[in-house]
Amino acid sequence: MTSLVGFIGVGNMGNPIALNILKKGFSLTVFDRNLRACDNLVQAGAKAASSIEQVLASSQVVMTCL
């Protein structure tokens, strides 16, 4: 099972999807141009990335919602 998941685009649609991934026990790294969009996910246990490249470097699977 893949455990390192990256998610780019955690706005209105991506945020609930990313939260469900996190709730299933996956290690999640998130990025959004609006850094505040990541706040609730970080509070729930996700790691915030400062760039798309950082998400790619730390993930085995990357999902986007753009």
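As a basis for the values below, the full set of heavy atoms in this structure was taken, side chains included, without hydrogen atoms, waters or symmetry mates.
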> Roughly how far apart are I8 CD1 and I52 CD1, rounded to 0.5 Å?
Replying inline: 5.0 Å
> Is M63 linked to L66 within one hydrophobic cluster, defined over Ile, Leu, Val, Met, Phe, Trp and Tyr using a side-chain heavy-atom separation of less than 4.5 Å?
Replying inline: no
> When rounded to the nearest 0.5 angstrom, what is the spacing between CZ in F31 and CG in L41?
Replying inline: 13.5 Å
> Does atom CG of N12 have more than 12 heavy-atom neighbours, drawn from other residues, nucleotides or ligands, at distances under 6.0 Å?
Replying inline: no
> At what distance, to the nearest 0.5 angstrom, does OG of S27 lie from CD of Q60?
Replying inline: 9.0 Å
>> Working to the nearest 0.5 angstrom, can you tell me the gap between R33 CZ and C38 SG?
In response: 12.5 Å
> Roughly how far, to the nearest 0.5 Å, is CG of L35 from OG of S50?
Replying inline: 9.0 Å
> Do you know which two heavy atoms are closest between L28 and A18, and how far apart they sit?
Replying inline: CD2-O, 3.4 Å
> Any idea which heavy atoms bring G11 and P16 closest together, and the distance?
Replying inline: O-CD, 4.2 Å
>> Tell me if a side-chain donor or acceptor on S51 pairs with a main-chain N or O of Q54 at a distance below 3.5 Å.
In response: yes
> Counting N and O atoms only, with roles assigned by atom type, does the side chain of D32 sit under 3.5 Å from a partner on the main chain of A37, one being a donor and the other an acceptor?
Replying inline: no
>> So which atom in L4 and which in S58 form the shortest heavy-atom distance, rounded to 0.1 Å?
In response: CB-O, 3.8 Å
> Does I17 share a hydrophobic cluster with V5, counting links as ILVMFWY side-chain heavy atoms below 4.5 Å and allowing steps through other members?
Replying inline: yes
> Which of these passes side-chain contact (heavy atoms from CB on, under 4.5 Å) with F7: T29, L22, I21?
Replying inline: I21
>> Can you give me the closest heavy-atom contact between G14 and C65, atom names plus distance?
In response: N-SG, 3.6 Å
